[in-house]
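One structure is given here, and the rest of the page talks about it.
What's counted below: heavy atoms across the whole structure, side chains too, no hydrogens, waters or symmetry copies. All chains are named by letter (A, B, ...) in the order of the sequence lines, taking the proteins before the strands, and each is independently numbered beginning at 1.
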2 protein chains.
Amino acid sequence: MQDARHDRTDQSGTPAKPRSRRLPRQVRERQILDAAVTVFAKYGYHEAAMDEISDVAGISKPMIYAYLGAKDELFVACIRREANRLIESISQAVDADLKPDEQLWRGLHAFFEYVNENRASWTVLHRQASVQGQPFTSELSEWRDRALNLVAELLARAGGSSEQPVQLEQMQPFAAALVGAGESMLDWWIDHPEYTADALSMRLMNLVWMGFGDMVQGRRWKPS
Amino acid sequence: MQDARHDRTDQSGTPAKPRSRRLPRQVRERQILDAAVTVFAKYGYHEAAMDEISDVAGISKPMIYAYLGAKDELFVACIRREANRLIESISQAVDADLKPDEQLWRGLHAFFEYVNENRASWTVLHRQASVQGQPFTSELSEWRDRALNLVAELLARAGGSSEQPVQLEQMQPFAAALVGAGESMLDWWIDHPEYTADALSMRLMNLVWMGFGDMVQGRRWKPS
DNA sequence: TCCATTACCTACTCACGAGTAAGACTACTC
DNA sequence: GAGTAGTCTTACTCGTGAGTAGGTAATGGA
């Protein structure tokens, strides 16, 4: 058995589009990135074939190389775009004038909503980005850092008062824990789609804000 | 640039061992698995080369195929062994006679300790196991399920009283969140080794048991 | 109408690495 | 000392898929 790859003989959910002709570069780049995100999400970095990406994008392979460079550069471009979209979504949901716990809640909720509506995007960011070696590790850890800092800031605002602010530094391990908890719940969600984004983010909020000890005693956090 | 692989021209931290001759199968299998875990952890499944594994194991390639089968089977064997070790460690740390929160604490602590002392093992289980496609997905999700159930059980014991037990089912999303939080903190730890296993597991315990809301007000959980 | 530019293609090359064929050497029995 | 079971090796094959050479053809300005 020569390397157990799953065969890919067109049971494809995304059939090769009929090629449209002579579109401006900008449009093609978007199409390519869209295709790349889909395919990377489906197979992971290594198993994803440039040929399939070009197929899904409805364009020939050399165009990808011309516009977005080699495979690793393409992947980095995907990460960059998707990370920006996700972080943007969360940032917008958080209104700095709200009460701290409410801010946290909004952030969590936006996170769950985004992932719910952008599975492929999330898969690339989360599952496929962990390959680790050296090729593009820096780009990957960078986006994670940004996410972490965003959450740490939220927590710092939530945890500090105006007289006694909390160092961002202190919040980092908690932020890491929170992000991980979210990620992991999301994974679990895939196998239990009967839950809603709302229900799950609410559970997470309760766990994180009230703690298990309180929850056992029937105390719950509620959005105001 | 032909596929940007990092070159592997013997800057290797694990130099090819001088080959010892004619050892019994059992011993070789252990050596091979050890080598495989190391190499898989270092490069991930796809980037790991069978040639390098055989080098590190100090044996020739066909022996690997003879004893442990193809690459994917070898990987599954690694997962299986390491998952067993980890789960075993945690199970042993948890004494069912203790108070629920204390049980949870012991479990968390054992988890952090194990990972601290078995980085490669953990890396394979966590980072590399997420490749996703089809080759060995079942084996992978299985170990995760086992871990999840172990935690869910812990939580159920912690959350229920003898009169009013809690369904295991109910605890699953929380278990997922907790496991994820732990995993993520572990990742963060790699970049911040100044923390101890103790300090981090204590932080996680506080977050999970007391909740952020309580912590803000200075309430802390302490082991009895 | 010519020329430059940009969009786009088919049909390759070539390195890599999984997996194997074919046998050698050792150690133990009977 | 012949047979056999188990250990172990060198030196291959061969599919796959990243990346490219070397073009064609549409567009828009001079």
Review point. What integer distance in Å separates A/E47:CD from D/dA18:C1'?
Key: 14 Å

Revision key, fill the gap. Rounded to whole Å, CG of A/L23 lies from P of D/dT27 at a distance of 11 Å

Check your understanding: Between B/Y67 and D/dT7, is there a side-chain N or O to OP1/OP2 distance below 4.0 Å?
Key -> yes

Review point. Looking at D/dA18, C/dA18, C/dT10, which one has an atom nearest to any side-chain atom of B/M50?
Key: C/dA18

Check your understanding: When you check the phosphate oxygens OP1 and OP2 of D/dC8, does a side-chain N or O of B/R28 lie under 4.0 Å from one of them?
Key -> yes

Revision key, fill the gap. The helix from C/dT1-D/dA30 to C/dC30-D/dG1: angle between terminal helix axes, five bp per end, to the nearest 10 degrees, reads 10°

**Study point:** Side chain of A/A49 (C-beta onward), nearest among D/dC8, C/dC9, D/dA18
**Key:** D/dA18

Exercise for review: Indicate whether the side chain of B/E82 and that of B/N118 have a donor and an acceptor atom separated by less than 3.5 Å.
Suggested key: no

Check your understanding: Under 4.0 angstrom, heavy atoms only, what part of the nucleic acid is B/M63 near: base, sugar-phosphate, or nothing?
Key -> base

Point to revise | Note, A/M202 side chain near A/L108 side chain (heavy atom, < 4.5 Å) | key: no

Revision key, fill the gap. Result for 5'-nearest mapping on DNA chain C, choosing between A/Q26 and B/G69, is A/Q26

Point to revise | Nearest-angstrom distance from the residue atom CG of A/D55 to P of C/dC9 | key: 11 Å

Check your understanding: Mind checking what makes salt bridge (charged side-chain N to carboxylate O under 4.0 Å, His left out) contact with A/R80, not counting sequence neighbours?
Key -> A/E139

Point to revise | A/Y65, nearest nucleotide to its side chain (from D/dG19, D/dT7, C/dA18) | key: D/dG19

Study note, to complete from the structure: Atom CD1 of B/I53 and atom P of C/dG19 are separated, to the nearest Å, by 11 Å

Review point. On DNA chain D, nearest-nucleotide positions of B/P62 versus B/P24: which is more 5'?
Key: B/P24

Review point. Any side-chain donor-acceptor pair under 3.5 Å between B/R144 and A/S184?
Key: yes

Review point. With sequence neighbours excluded, what pairs up with B/Y195 under the ring pair (Phe, Tyr, Trp, His ring centres under 6.0 Å) test?
Key: B/W188

Check your understanding: Hey, which of B/L68, B/I59, B/I64 is the one that makes side-chain contact (heavy atoms from CB on, under 4.5 Å) with B/R28?
Key -> B/I59

Exercise for review: When you get a sec, tell me which of C/dC8, D/dG6, C/dA21 is the closest nucleotide to the side chain of A/S60?
Suggested key: C/dC8

Revision key, fill the gap. Atom CG of B/L68 and atom P of C/dA18 are separated, to the nearest Å, by 15 Å

Point to revise | Listed nucleotide nearest any side-chain atom of B/K71, set C/dA7, C/dG19, D/dC8 | key: C/dG19

Exercise for review: Nearest whole angstrom, please: distance from the C1' of C/dA18 to the CG of B/D51.
Suggested key: 9 Å

Study note, to complete from the structure: Testing C/dG19, D/dT9, D/dC8 for proximity to the side chain of B/K61, the answer is C/dG19

Check your understanding: For the side chain of A/R22, counting heavy atoms from C-beta on, which of D/dA21, D/dA26, C/dG19 is nearest?
Key -> D/dA26

Review point. Tell me: CD1 of A/I59 to P of C/dC9, nearest whole Å?
Key: 6 Å

Practice item. Can you label the angle between the B/F40 ring and the B/Y45 ring as parallel, tilted or perpendicular, going by 30° and 60°? Key: parallel

Review point. Could you state the CD1-C1' distance from A/I32 to C/dC8, rounded to the nearest angstrom?
Key: 11 Å

Check your understanding: Does A/W143 have A/R85 sitting over its ring (NZ/CZ under 6.0 Å from centre, angle to axis within 45°)?
Key -> no

